[in-house]
Each structure stands twice: as structure tokens, then as C-alpha cells.
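Each remark here refers to the structure printed beneath this line.
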Amino acid sequence: MAKPPVLTPQSEDFPRWYQDIIAKAEMADNGPVRGTMVIRPYGYSIWEQMQAEVDRRIKAAGAKNAYFPLFIPESYLTREAEHVEGFSPELAVVTVAGGKELEEPVVVRPTSETVIGEFMAKWVQSYRDLPLLLNQWANVVRWELRPRVFLRTSEFLWQEGHTAHVSEADGRAYAVRILHEVYESFMRDVLAMPVVVGRKTAKERFAGATNTMTCEAMMGDGKALQMGTSHELGQNFAKAFDIGFQSSEGQQELAWTTSWGVSTRMVGGLIMCHGDDAGLRIPPRLAPVQVVVMAVREDDAVIERCRTLAEELLAAGVRVELDLRTETSAGRRATDWELKGVPVRLELGPRDLAEGAVTLVDRIDGTKQAAPLHGITARIVSVLEEAQITLFAEALARRESRTADVRSIPEAVEAASTGWARIPWADLGVAGEAELGNQGITVRCLVMPDGSLPDADDTPGAIAIVARSY
RNA sequence: CGGGGAAUGGCGCAGCUUGGUAGCGCGCCUGCUUUGGGAGCAGGAGGCCGGGAGUUCGAAUCUCCCUUCCCCGACCA
């Protein structure tokens, strides 16, 4: 007699599966205010791993961390016309503080281009002050109409990079560098998520940007998720905030700025990319817990061997957790670790011990086998490496099998019901983009046939990736 | 804001049509037996049924108003 499934199966109701997994893997809870979320310790540990990996890459690209205020004068937002138009509907505004009406309302930052622009203007005088490469880890607030835990919450955590350069070419080069060396590299090598790196159409561009570039990933249900963006802001914000400098020729010039960010949305993307009907599957390079050593039953020799096993793994640099809670059944604990997506579970009981072995359960490929305790560390290291590769390969295979090359709008609509469509931008155009929009389908990005980034909105030969999205 | 739903112990739900002041599953607590794939049995704790007004001898149930939440669309990291 089969027990009911732990989670709603993906094939039955994907959104329900997503909600179930977030609750049962103890990732997050809904907050008391609509659209807010409480990130629970396990979910937060995943975010911390993401932060560490992204932060290291950002620093390697030369940017330095700083921190700007949560509150921004409302007037700052209005200085850049497109920016204010884009963000006004979703601003949270404080009008009363300290028990009285404020002279000028302050907005809770939806993003920090404006306040950072104001200070860049102060700090930049000379071409020698450029490039100015800043990043901050912060929370931002956007009063979204339809929130979804991790994917679109009223308040979310992110990093936002803001840079100023002497020329358009320098700004562009840096925005592209971040896109590839920080975002794409992190998503591919750590999250094991293949992403399409492309250019947004004018319709999808960030409010105030001259060019928005994106990393798009396919989820388990074939829909797309924007995992991160990098923007060229041209001189729009430099004009609005007077970020000027004197060039080496002695001329007064305006800087060229960029901004770029990834957020807690990536946690949602990770869940929907790799999760299955048994729970999460966390790629080993990201996993806060890579291996759980589980004592199957109460037994002094077993407990002792579990401890030394965990120490051996720890010494080899493996992130390991000991599970000695023998008062809870082994089956329950196994199920819980599977829900949490820990890549490898080592089950040790008297039977294993008698054979000098341990039961190695691979969460990623689903196999379960006896492995000799002798040499187990090396074995684990190779299993983890293999799991990382497998997850990426599976995600890539899904994306390829569910992406269709088409030439017409009806074909694109058909393809978008199960996955993505690739259609020449010349065959679609702004009118076709609008038509797809009426059916809930968007152009995720434009890419060149060789996978590179188009230089402009109308670069000949560009291919549009169209899909339904989160 | 437009169109659909729903508010009942921590979570998921039944009860409402045909009023008589609550019940089920999971979870939680205690004990015993268990422990190699979500343990079993027994005994417990926990809810003024979203808020307000009304009808009535009596309202979770009927009427009206309000509030909130969820799903589908427009917005988005």
C-alpha cells in the first residue's frame, strides 16, 4: 500500500508542487504583509551560498561593496523621466514619520540608481576617478501586483551593482563582462543551470536603460525565468544627477553608467529548474549541506562511526551534517533529507558496519548502493562532481528538447505552450511581439545565431527567444 | 482594477442546502512498543467558526455591510 506522495506531483499541478516544496523543505513562509516572505534557515543558507559565490565573482571583476540608504527622497525618482514612469506604480512611499507628516515623502528604494547617482556625482571629478565600480547587498521593495514566494515578492534581497565609466564602450564592456563572468558563470558552474544570455527588446528594457541584457533559464514546466540582468544606462542617469568629469583633454564630460543585479528570485529558479517529485535537488557546489551522515538506529558503535565519518569528510572539505536523531524513524529522516535536496546521504547502521560499508544514496541520480567505508571520502568527492555535471546536463537536455525553431507566430504560440520558440526577430518584429503579448507570451531576449549578444535592437540576423514566463 | 473562488485548532479540510454554540486527517504533548524508506497503539492539549449589524428562544449555518486571502489577466529581479 503506497503512501500518498509527499508533494503534489509536478505533472498534476506545477504551481502547487512549488508551494508544497517551499513549505515542506522549510525554505520559506509567507509574511504577514501581502507579498512578503520569511526566509527560513534552510532557505537562507542557500541564499548565503549564492551570495558568497556571486560576491567573490563581483570582487574579481573589480567592484567594491558599499551601502546606501533604504530611504530615498521622492524627488530623486522623478529626475529621470522613464525611470519614474517605470517604477511609480510599485513604489512604497513613507509620508508620515516621527508622528508627523513629512515635508517631502521618502520612498523605500525599489532600486538605487538614483541615490547612488547622486553620490557618484559628488565623488567623480576627474577621468582619474573612473571607472567607479560599486556594488551593494540590500533589500528593495516593489509593490508587485501578483506576488509569488521567491519569484516576485514585495520585498526581496539582492545585489545591485552600479558603475560609472568614461565612455559608452567602457560602460558596455563592463556590463557585458558582469553578465558573463559573474552571472552566466555562476549560474552555469554553481547552480548547474544553463542560461540563454541575450539582449532585451525595447519593450522589456529596464526603466531608464539604453540596453538591458539578461540571463534566461527554462524551468521544469517549460516556462522561462529571468535570472539576472545587466543594464547599460547610457548617460541618462549621468544627466539626471550630473555625474560629470573632466577628461584628459580638459573637457567637461558626462559619465556613462551601468547597473546590474541578481536576487533571491534565483532561489525560486533553482527550485523549479532541478526539483523533482521527491523534493529539491541542490547542486553540490551550491549545497549548504553536501552530505548528510545518518545513523540508522541507536547503537554506540554506529554513532561513533558516524562521527568519525563526518570528521573525515569535513577534513576533506565536504560540507557535512550529522543526523543522529534515532528517536525519529530512518524512513522519515530519509524523506526529509530528500525533500531538502541534499546531494548525498550516507546511511550507516549495524548491518553496514558489520560489512565495513555504508549505504550511499545519490539524490541526483536516484541510486542507492553499498559503498566500502575504506576510501569513502574519495568516492564521495567524485559522486558530488558527477552530480553537478548530471544536473546541468539534464537541464540542458530539457531546454533543447523543448525549444523549437519556428518561422510564424502561430507556430511560436504552439511551441510556447510547452517550452520555448526561437523565431527570427525579422519575422516577428514589434508588431508580432505585441500580438504574442496578448496571449501571455513574451520575447525573453534576442540572441545571434552563434549565441552572442546583438549590438543593437535591429542587428540583422537576430533570433528572438519567446516563451511564457514567471 | 477586471473576471472567478475562499475565510472553521499550527497546516489541509468537512459541517452550512433542511439553525440546536464543532468534527476529521496531518502535526503537537505523554506513555509503551518500535526504528534498514514518511512507525503502531493508548491517552491528551489546542478553536468565542475573519469582523460588524440583523433575523431567531437559539446562528459556523439564514440576511446585509465590511475586511482579508487565493487563482486567472495587466506590472516585474
Side-chain angles (χ1 to χ4, degrees), chain A residues 1-8 13 15-16 19-20 23-24 29-35 50 54 85-91 109-112 138-161 183 200 203-207 212 214-217 225-231 259-269 278-279 294-299 302 324-339 345 347-355 357-359 361 366 368 370 437-442 468-470:
Chain A
M1 49 179 184
K3 294 195 169 59
V6 178
L7 302 168
T8 302
D13 185 343
R16 184 69 183 266
Q19 296 289 353
D20 282 1
K24 297 210 169 167
D29 256 329
N30 282 311
V33 172
R34 177 191 155 76
M50 289 183 175
V54 170
E85 191 186 329
F87 280 105
S88 286
E90 53 194 62
L91 288 181
R109 63 180 164 219
T111 177
S112 306
N139 58 339
V140 285
V141 168
R142 299 180 186 177
W143 222 256
E144 301 288 356
L145 298 165
R146 273 191 59 204
R148 245 151 104 45
V149 179
F150 286 121
L151 301 175
R152 200 185 308 103
T153 46
S154 303
E155 178 192 7
F156 58 91
L157 308 183
W158 77 345
Q159 64 62 221
E160 48 178 326
Y183 298 159
K200 286 289 188 186
K203 182 172 183 286
E204 301 287 328
R205 195 172 285 157
F206 175 75
T212 290
T214 177
C215 295
E216 300 282 328
L225 181 73
Q226 180 173 309
M227 293 280 289
T229 47
S230 185
H231 316 287
S259 69
W260 26 277
V262 292
S263 71
T264 37
R265 169 181 279 183
M266 291 194 295
V267 178
M294 206 178 104
V296 169
R297 53 165 67 208
E298 183 66 40
D299 177 292
V302 166
L324 306 178
R325 300 168 300 161
T326 49
E327 69 281 3
T328 301
S329 78
R332 155 68 69 164
R333 289 181 289 143
T335 305
D336 286 346
W337 289 118
E338 276 177 8
L339 273 167
R345 192 168 70 252
E347 301 180 350
L348 191 69
R351 229 147 64 200
D352 302 290
L353 209 52
E355 293 164 14
V358 65
T359 302
V361 189
K368 178 174 179 173
N438 293 332
Q439 303 183 61
I441 299 165
T442 51
R468 293 180 188 283
S469 72
Y470 281 98

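Just so we're on the same page: letters track the sequence lines, and every chain starts at 1.
In terms of the side chain to side chain donor-acceptor pair (under 3.5 Å) criterion, A/Asp336 has no residue partners (sequence neighbours excluded). Every residue two or more places apart in sequence or in another chain that forms a side-chain contact (heavy atoms from CB on, under 4.5 Å) with A/Arg148 is listed here: A/Pro15, A/Tyr18, A/Gln19, A/Leu151, A/Tyr470. Scored by the side chain to side chain donor-acceptor pair (under 3.5 Å) test, A/Arg205 finds A/Asp457 as partners (sequence neighbours excluded). Considering only residues two or more places apart in sequence or on other chains, A/Ser329 meets the side-chain contact (heavy atoms from CB on, under 4.5 Å) condition with A/Arg332. Residues meeting the side chain to side chain donor-acceptor pair (under 3.5 Å) test with A/Arg325, sequence neighbours left out: A/Asp323. The side-chain contact (heavy atoms from CB on, under 4.5 Å) search around A/Ala207 returns A/Phe87, not counting sequence neighbours. Taking A/Thr153 as the reference, A/Met37, A/Phe156 meet the side-chain contact (heavy atoms from CB on, under 4.5 Å) condition, with sequence neighbours excluded. Under the side chain to side chain donor-acceptor pair (under 3.5 Å) criterion, A/Thr442 pairs with A/Arg444, not counting sequence neighbours.
Within 4.0 Å (heavy atoms only), A/Thr111 reaches no atom of the nucleic acid at all. Among the protein residues, A/Arg333 comes within range of no part of the nucleic acid, since none of its heavy atoms lies under 4.0 Å from any strand. In this structure, A/Arg325 reaches neither bases nor backbone, as no heavy-atom distance under 4.0 Å exists between it and the strands shown. Using a 4.0 Å heavy-atom criterion, one finds that A/Asp336 contacts no nucleic acid atom at all. Across all strands, A/Glu338 comes closer than 4.0 Å to base atoms (heavy-atom distances). Counting any heavy atom pair closer than 4.0 Å across all strands shown, A/Val361 reaches a base atom. Among the protein residues, A/Pro350 comes within range of the nucleic acid bases, having at least one heavy atom under 4.0 Å from a base atom.
The shortest non-hydrogen separation linking A/Val262 to A/Met227 is CG1-O, 3.7 Å. The minimum heavy-atom distance between A/Cys215 and A/Tyr183, with the atom names listed, is SG-CB, 3.9 Å.
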Sub-3.5 Å pairs of nitrogen or oxygen atoms, protein against nucleotides 25-30 of chain B:
none

Sub-3.5 Å pairs of nitrogen or oxygen atoms, protein against nucleotides 75-77 of chain B:
unit_1	atom_1	unit_2	atom_2	d
B/C75	O2'	A/Glu90	OE1	3.1
B/C75	O2	A/Glu144	OE1	2.8
B/C76	O2'	A/Glu144	OE2	3.2
B/C76	O2	A/Arg152	NE	3.2
B/C76	O2	A/Arg265	NH2	2.9
B/C76	N3	A/Arg152	NE	3.3
B/A77	OP2	A/Gln226	NE2	3.2
B/A77	O3'	A/Gln226	NE2	2.6
B/A77	O3'	A/Arg265	NH1	3.4
B/A77	N6	A/Thr153	N	3.1
B/A77	N6	A/Thr153	O	3.0
B/A77	N3	A/Ser263	OG	2.7

Look for any protein N or O under 3.5 Å of an N or O in nucleotides 3-7 of chain B and output each such pair with its distance, or none.
none

Q | Residue pair A/Arg109, A/Asn139: steps toward the side-chain contact (heavy atoms from CB on, under 4.5 Å) verdict | A | CA-CA 8 Å; A/Arg109 63 180 164 219; A/Asn139 58 339; 2.8 Å; yes
Q: Could you please spell out the steps behind the side-chain contact (heavy atoms from CB on, under 4.5 Å) verdict for A/Arg142 and A/Thr111?
A: CA-CA 9 Å; A/Arg142 299 180 186 177; A/Thr111 177; 3.5 Å; yes
Q) Can A/Glu338 and A/Lys24 be said to form a salt bridge (Lys or Arg N to Asp or Glu O under 4.0 Å), step by step? A) CA-CA 11 Å; A/Glu338 276 177 8; A/Lys24 297 210 169 167; over 6 Å; no
Q. So A/Glu347 and A/Thr359, side chain to side chain donor-acceptor pair (under 3.5 Å) or not? Walk me through it.
A. CA-CA 5 Å; A/Glu347 301 180 350; A/Thr359 302; 5.0 Å; no
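Judged by distance alone, with hydrogens and angles left aside, A/Lys368 brings no side-chain donor or acceptor close enough to the base of B/G36 to form a pair under 3.5 Å.
Side chain of A/Thr359, nearest nucleotide from B/G36, B/G38, B/C69: B/G36. Side-chain proximity of A/Ala334 to B/U35, B/G37, B/G38: nearest is B/G37.
Both A/Asn438 and A/Gly331 sit near RNA chain B, but only A/Gly331 has its closest nucleotide nearer the 5' end. Each of A/Arg468 and A/Arg345 lies near RNA chain B, and the nucleotide nearest A/Arg345 is the one positioned closer to the 5' end.
Taking a pair as Watson-Crick or G-U with both hydrogen-bonding distances under 3.5 Å, the stems of three or more pairs touching RNA chain B are B:1-7 with B:67-73, B:10-13 with B:23-26, B:28-33 with B:39-44, B:50-54 with B:62-66.
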